[in-house]
Amino acid sequence: MVAERRHYPNEFALVMNQIDIERTALRSRMLGGIRSDDEGAELELAGWVHRRRDLGGLIFLDLRDRSGLVQVSLGPDWTEPASLDLAHQLGAEDVVAVVGSVVVRSPENRNTEIPTGDIELRATVLRRLNRADTPAIPVYRSPEDALPSEELRLKHRVLDLRRSELQENLQLRHRLVLACRNYLDKLGFIEIETPILTKPTPEGARDFLVPSRLHHGEFYALPQSPQIYKQLCMAAGFDRYFQIARCFRDEDLRADRQPEFTQIDVEASFVEPDDILGWMEGLMVALAAEAPRIQAEVPFIRLTHAEALERFGTDKPDLRFGVEIQDWTHALARLDAPVFSAAVGEGGRLRGLLLEGGAKLSRRQIEAVEGSAKVAGAPGLLWAKCSDEGGSGSLARFMDEDAYRELGTKTGDLVLVAAGTDRMTSPALSAARLAAIEALEIPEDREHAWLWVVDFPIFEEGADGALTANHHPFVMPHPEDEDRLEAEPLSVRGLAYDLVYNGVELGSGSIRNHDPKLQRRILRLLGLDDAEIDLKFGFLLNALASGAPPHGGVAFGVDRLVALFVGADSLREVIAFPKTTTARALFEGAPTPLDEEGLAELGLSLSRAEDQAAPARTGEGDGEQVAHASGAET
RNA sequence: GGGGCUGUAGCUCAGCUUGGUUAGAGUGCCGGUCUGUCACACCGGAGGUCGCGGGUUCGAGUCCCGUCAGCCCCGCCA
């Protein structure tokens, strides 16, 4: 008896395959794996009542756990009377345990829809372990039922999470994270935890702030990423670091953005980009092995940032499709089209897409493609359908035979042209490319398009004309470009790279700046004076000056990666307890107002008097509240 | 910060265009019949702050204004 209760996976038992890891005190095994091989086995099973079919004399229960469903049959000939009575009273989601034997069903009674459909458990005893209220949203769903509204699914998240879809998503998420840890461990990376209470950063996204009780008027920030800490780890000699790291950004949300999210964060010393890219390609292969719908073949394609923009108009091109942007400035500038001469006069170009067979699109469809280019910032596109009698469309009247020949069109093709600066035409043509591919139902060249985009510029021009960091301010400038930093900063490439899968950015990284003098030059270019630099980044510069090795790394968005790997449209499908688009947690009801006493302890007061007595109700929060630090120096 | 869509029974939805009797359906729930169901079947029943507030009107689920919530997008954010 004692030996039977030792079901923990001690090493010997695991190696010898002698224990059943599914066994617990209350059940002999889980449900999903029971098969006709188990005929005659006496089992104690436990789970939730998924569905009950009460025929009066006979009762069938579909019992559910995370591994699957098993039908339990109860009847007067084999079930004890008290258990039979109880079975009549069971409701959906009650938690029960049954004792019985595995019976192979007669051929006409088999259920081919479920893996355990060849057997059932003929129950002698049924016990209710816990009652369940009638579910507010159904866990069971018949084939044609729609999902409950997202709001109710989030409010009753525990019930929603019981559905097999979410169970499977989170189980795959676990396997991906585990595969990641195993892979990086084998490469000698060690996982190091970094602080959640950190120092506010002036760069990038807004920080979530945490008031300090011990230091009124002072605040911690939650990390936007462990970026600086992992560089400190390199300076500290840890050489190869990783972390499955929670990150926080207080910005508006999207289907693919949550205020808190998880990154696979990696950093290594004495590396160049090829080291990181090679390791990470191997990581993607290891992860793809866990996900049936994803494949990864190495090495991945590489494009420079400049080339990606030239050929696809975006820094995250979807390379499943071959359509590319063409530069037709030479062929078309001579045409008598005012838009063209104006664009070229301003230093712009005439670029476009040649869509084979595109003339079959209706005018309305083409205008829809043009519409997506307009949303992306273009005033419009010129287009021409190519036919035997010449062409039609807004571009056709400017075209002549030579122009068509130079573009290389054939009958039945469609030509789209955008005129203007690259800054405007690239996003427009990128959007038009994807819209046209969809409208024309162009088949994929490949199903899995993995791509590294490399050599990102380190700066971009902000709305006010000031320089901002394209990525973050710690990217090592490309050695060939370093001497142009002050003179032509926008032309300086960085040793930075993004991983793109089917047009979705999965992660990005760079070789970091390990030279404190060079780092200071870059921070100055971003508009910080030396005093600010010392105040905000002094600890990093000091660490670099203490003998930091050359280092670099990368970070991947786990939520986005899992969503892609399970084919989910929204990150909420791969996060157990996600926030709404207004960053509320509907299940537990966060955030929540703080009473006077709580505020006082933190040295805070609210700026709007009418809000101070705000009721602490979830979901019905009234108006924004702005916290002030009574002792803040700024 | 801006734009769009949605909100009616526990759940999914119809009704709103064109204001007018007691607001419907499916499912779930409750009661009953039923020994091979697996969306069990059949009979009966209960169940509504039409998101909330205001307005127009003799009369508002329906029209108007505001507001709240959820979702999608732009800005923002890698």
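The sequence lines fix the lettering, A, B, ..., with proteins before strands; numbering per chain opens at 1.
In this structure, of B:C76, B:C73, B:A78, it is B:C76 that holds the atom nearest to the side chain of A:E251. Checking B:G75, B:C40, B:A78 against the side-chain heavy atoms of A:D252 singles out B:G75 as nearest. Nearest nucleotide to the side chain of A:L58, out of B:G36, B:G70, B:A78: B:G36. Among the nucleotides B:U35, B:A78, B:U37, the one closest to any side-chain atom of A:D77 is B:U35. Nearest nucleotide to the A:P76 side chain, out of B:G75, B:U35, B:U37: B:U35. Here B:A78 is the nucleotide among B:G70, B:A78, B:C38 with the atom lying nearest to any side-chain atom of A:N470. Taking the side chain of A:E505 as heavy atoms from C-beta on, and the options B:A78, B:C38, B:U35, the nearest nucleotide is B:A78.
Base pairing of B:G61: no nucleotide in any strand meets the Watson-Crick or G-U wobble criterion (both distances under 3.5 Å). Pairing for B:U21 is absent, judged as Watson-Crick or G-U wobble with the two contacts each under 3.5 Å. Under the Watson-Crick or G-U wobble criterion, with both distances below 3.5 Å, B:A14 is left unpaired in every strand shown. Using the Watson-Crick or G-U wobble rule with both distances under 3.5 Å, B:C71 pairs with B:G4.
A close approach under 4.0 Å does not occur between any side-chain nitrogen or oxygen of A:R52 and OP1 or OP2 of B:C38. At the phosphate of B:G28, neither OP1 nor OP2 sits under 4.0 Å from any side-chain N or O atom of A:T134. Between A:R122 and the phosphate of B:U35, there is no side-chain N or O to OP1/OP2 separation shorter than 4.0 Å. Distances shorter than 4.0 Å separate none of the side-chain N or O atoms of A:R53 from OP1 or OP2 on B:U37. The phosphate of B:U27 has neither OP1 nor OP2 within less than 4.0 Å of any side-chain N or O from A:R141. In this structure, A:R64 does not reach the B:C38 phosphate: none of its side-chain N or O atoms is under 4.0 Å from OP1 or OP2.
The residue A:D250 sits apart from the nucleic acid: no heavy atom pair falls under 4.0 Å. Across all strands shown, A:R105 has heavy atoms under 4.0 Å from base atoms, whether or not it also approaches the sugar-phosphate. Contact annotation for A:G557: no contact, since no heavy-atom pair falls under 4.0 Å across all strands. Here A:T582 lies in heavy-atom contact (under 4.0 Å) with sugar-phosphate atoms only. A:D315 comes within contact range of at least one nucleobase, with a heavy-atom separation under 4.0 Å.
Among A:R64, A:R52, A:R131, A:R128, the single residue meeting the salt bridge (charged side-chain N to carboxylate O under 4.0 Å, His left out) criterion with A:D94 is A:R128.
For B:G36, its base sits under 3.5 Å from the side chain of A:E120 at one donor and acceptor pair at least. The base of B:C76 sits within donor-acceptor range of the side chain of A:R257, with an N or O pair under 3.5 Å. Side-chain N/O atoms of A:R254 and base N/O atoms of B:G75 include a donor-acceptor pair closer than 3.5 Å.
Residues satisfying the ring-ring contact (aromatic ring centres under 6.0 Å, His included) test with A:F248, not counting sequence neighbours, are none.
Around CZ of A:R66, the count of heavy atoms belonging to other residues, nucleotides or ligands within 6.0 Å does not exceed 12.
Without hydrogens or angle criteria, A:S426 side chain to A:R423 main chain gives no donor-acceptor distance under 3.5 Å.
Salt-bridge check for A:D252 with A:R257: failed, with every basic side-chain N at 4.0 Å or more from each acidic carboxylate O.
Between A:H305 and A:F456, the ring planes lie tilted relative to each other; the angle falls in the 30° to 60° range.
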Polar atom pairs between nucleotides 11-16 of chain B and protein, under 3.5 Å, N or O only, would you list them?
| unit_1 | atom_1 | unit_2 | atom_2 | d |
| --- | --- | --- | --- | --- |
| B:U12 | OP1 | A:S149 | N | 2.5 |

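Here the CG-CG distance, from A:L495 to A:D455, works out to 7.0 Å after rounding to the nearest 0.5 Å.
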